[in-house]
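Following: one structure in structure tokens, then a few remarks.
Below, each value reflects all heavy atoms present in this structure, side chains not excepted, and no hydrogens, waters or symmetry copies.
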Amino acid sequence: MIRNQDNVALTSIDGIAFVTQLQRSGKVLAEEIVELTYADAGFDDLPLGQYSIVVGHECVAPEEVSYDTKILAEDDVIFLTFVYLEPERIFLQVQAVVEKRL
């Protein structure tokens, strides 16, 4: 998910949507444009292992942010929230939560 400093969905800046990539060992496995209502993207049914999620947008600093995570169990669901300070267009932090699939 992409959110601003007030936890409001940040779908685009200057009419350009954020793009997310799923990477493993430096190789792009999938790429999605964030959904334009909720500012999220999903990569489902991944095998166990280590992945990098990369969020990119040409109008923010830095233009790309990467977060490394591991799927340790088949029923793990990892929620990542990339937070930006919207007026200054600066990346602030990634919030990560792991839950179990229902």
Sub-4.5 Å side-chain heavy-atom contact between [X] and [Y]:
{"X": "Val34", "Y": "His57", "result": "no"}
{"X": "Ile53", "Y": "Phe43", "result": "yes"}
{"X": "Leu10", "Y": "Arg3", "result": "no"}
{"X": "Val55", "Y": "Tyr67", "result": "no"}

To the nearest 0.5 Å, how far apart are [atom1] in [X] and [atom2] in [Y]?
{"X": "Ile78", "Y": "Glu99", "atom1": "CD1", "atom2": "CD", "result": "11.0 Å"}
{"X": "Glu58", "Y": "Phe18", "atom1": "CD", "atom2": "CZ", "result": "11.0 Å"}
{"X": "Ile2", "Y": "Leu80", "atom1": "CD1", "atom2": "CG", "result": "9.5 Å"}
{"X": "Lys27", "Y": "Gln21", "atom1": "NZ", "atom2": "CD", "result": "13.5 Å"}

Checklist line | Passing option when Ser52 is tested against Leu22, Asp68, Thr69 for side chain to side chain contact (heavy atoms under 4.5 Å, CB included) | finding: Asp68
At their closest point, which heavy atom of [X] faces which heavy atom of [Y], and how far apart are they?
{"X": "Val83", "Y": "Asn4", "answer": "CG1-O, 3.7 Å"}
{"X": "Glu32", "Y": "Gly42", "answer": "OE2-O, 2.6 Å"}
{"X": "Pro47", "Y": "Arg24", "answer": "CG-NH1, 4.3 Å"}

Notebook entry, point to check: Do Leu48 and Tyr51 share a hydrophobic cluster (ILVMFWY, side-chain heavy atoms under 4.5 Å, transitive)?
Noted result: yes
Notebook entry, point to check: Honestly curious: do Met1 and Val65 fall in one hydrophobic cluster under the side-chain, below-4.5 Å linking rule?
Noted result: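 No.
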Margin query: What verdict does the side-chain contact (heavy atoms from CB on, under 4.5 Å) test give for Phe79 and Thr81, after you've listed the backbone C-alpha separation in whole Å, the side-chain angles of each residue and the deciding distance to 0.1 Å?
Written below: CA-CA 7 Å; Phe79 294 97; Thr81 304; 5.7 Å; no
Next item on the list: Could you tell me how the ring of Phe82 sits relative to the ring of Phe91: parallel (under 30°), tilted (30 to 60°) or perpendicular (over 60°)?
Entry: tilted
Got more than 12 heavy atoms from elsewhere within 6.0 Å of [atom1], [X]?
{"X": "Ile33", "atom1": "CD1", "value": "no"}
{"X": "Lys100", "atom1": "NZ", "value": "yes"}
{"X": "Gln50", "atom1": "CD", "value": "yes"}

Next item on the list: Go through the steps for Arg89 and Asp14 under the test side-chain contact (heavy atoms from CB on, under 4.5 Å), then give the verdict.
Entry: CA-CA 11 Å; Arg89 300 180 179 187; Asp14 292 340; 3.0 Å; yes
Item checked: Derivation of the side-chain contact (heavy atoms from CB on, under 4.5 Å) call for Tyr84 and Ile13 -> CA-CA 11 Å; Tyr84 289 84; Ile13 293 178; over 6 Å; no
